[in-house]
*Asks:* 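This is the structure I have questions about; it appears just below.
Note: hydrogens, waters and symmetry copies are ignored here, and every other heavy atom, side chains too, is used. The structure displayed is predicted, hence computed values, not measured ones.
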Amino acid sequence: MNKKFGWLWLLIGPLMGLYITSQFSSLGAAYAAVMREVSIAGQNLTLYMGETGIRGANRLLHVHSALLSFLNIFYGLSIDSVHLSDRTKRLGSILAIAGAILVTIGFYFNQVMPLRELGSPLRILGGISLVVAIVIMAAGQFKK
């Protein structure tokens, strides 16, 4: 379950980024006014010079989306080798998936003004889910 979810979430993250970028681009001149083209080591880069909070949340969304995808893939590869009951393994799997979804959606909500207040609680709840899932996996790995 976690492996499939991890690969799916790894695909969804960039799609969310494309959607967010298209929303910024739809602002037209307002968006163009805060964009700067720079050349670094012969490569042309576009930098967003506008509101750092939104841009920071966008970066955090994508970084966490990818990292939590990998966490779920590794979780799925490891869960069958731990010495835990099937019920505990399933709980850990569900918490790892729920944590990835909640943390990523929490960062997305930070960028949407009407939903901004939900961002922190979702990230906190997702973080707790991930910590519990990792504790379950670690306990199973060290159990003899």
Side-chain angles (χ1 to χ4, degrees), residues 1-27 31-32 34-144:
M1 174 168 55
N2 292 81
K3 289 185 284 188
K4 288 179 183 178
F5 170 79
W7 286 111
L8 178 66
W9 206 241
L10 199 56
L11 293 172
I12 290 174
L15 293 177
M16 290 173 72
L18 289 173
Y19 173 74
I20 292 166
T21 302
S22 73
Q23 294 301 306
F24 280 139
S25 297
S26 69
L27 298 174
Y31 180 69
V34 294
M35 300 306 292
R36 301 288 179 266
E37 291 287 333
V38 296
S39 179
I40 299 175
Q43 300 294 319
N44 291 329
L45 301 173
T46 303
L47 299 178
Y48 180 76
M49 310 301 274
E51 184 183 342
T52 57
I54 290 177
R55 184 62 178 161
N58 196 15
R59 283 186 181 149
L60 288 169
L61 182 154
H62 291 93
V63 167
H64 283 82
S65 172
L67 290 175
L68 295 173
S69 294
F70 291 129
L71 178 127
N72 270 283
I73 292 167
F74 293 135
Y75 205 96
L77 291 170
S78 301
I79 195 68
D80 289 332
S81 67
V82 296
H83 302 288
L84 296 170
S85 70
D86 288 340
R87 194 173 185 172
T88 305
K89 290 178 183 181
R90 182 153 174 78
L91 175 64
S93 291
I94 291 170
L95 288 173
I97 290 171
I101 292 170
L102 291 171
V103 169
T104 305
I105 298 299
F107 281 119
Y108 175 74
F109 281 4
N110 271 357
Q111 300 175 67
V112 181
M113 187 54 75
L115 302 173
R116 194 169 277 186
E117 292 181 12
L118 295 174
S120 290
L122 288 176
R123 290 192 327 265
I124 291 169
L125 187 59
I128 292 169
S129 297
L130 289 166
V131 167
V132 173
I134 291 169
V135 167
I136 289 172
M137 177 63 76
Q141 291 290 342
F142 295 118
K143 189 175 181 182
K144 292 184 179 183

*Asks:* Cut-off 3.5 Å, no hydrogens considered: what does the side-chain donor-acceptor table look like for residues 121-134, sequence neighbours left out?
*Replies:*
residue: R123; atom: NH1; partner: N110; partner atom: OD1; Å: 3.4
residue: S129; atom: OG; partner: L125; partner atom: O; Å: 3.1

*Asks:* CG/L91 to CD1/I136 distance, rounded to the nearest 0.5 angstrom?
*Replies:* 4.0 Å
*Asks:* Give the minimum heavy-atom separation between A96 and L71, together with the two atoms involved.
*Replies:* CB-CD2, 4.3 Å
*Asks:* Quick one: side chain to side chain donor-acceptor pair (under 3.5 Å) partners of S81, sequence neighbours excluded?
*Replies:* none
*Asks:* Mind checking the CG-CZ spacing from L68 to F5? Nearest 0.5 Å is all I need.
*Replies:* 8.0 Å
*Asks:* Could you tabulate the donor-acceptor pairs under 3.5 Å formed by side-chain atoms of residues 97-107, not counting sequence neighbours?
*Replies:*
residue: T104; atom: OG1; partner: W9; partner atom: NE1; Å: 3.2
residue: T104; atom: OG1; partner: A100; partner atom: O; Å: 2.8

*Asks:* Checking S69 now: which residues fulfil side chain to side chain donor-acceptor pair (under 3.5 Å) with it, not counting sequence neighbours?
*Replies:* none
*Asks:* Which heavy-atom pair separates K143 from L84 by the least distance, and what is that distance?
*Replies:* CD-CD2, 4.3 Å
*Asks:* Return the set of residues passing side chain to side chain donor-acceptor pair (under 3.5 Å) with N2 (not counting sequence neighbours), or none when no residue passes.
*Replies:* N72, S93
*Asks:* Considering residues at least two apart in sequence or located in another chain, which fulfil the side chain to side chain donor-acceptor pair (under 3.5 Å) criterion with T88?
*Replies:* S85
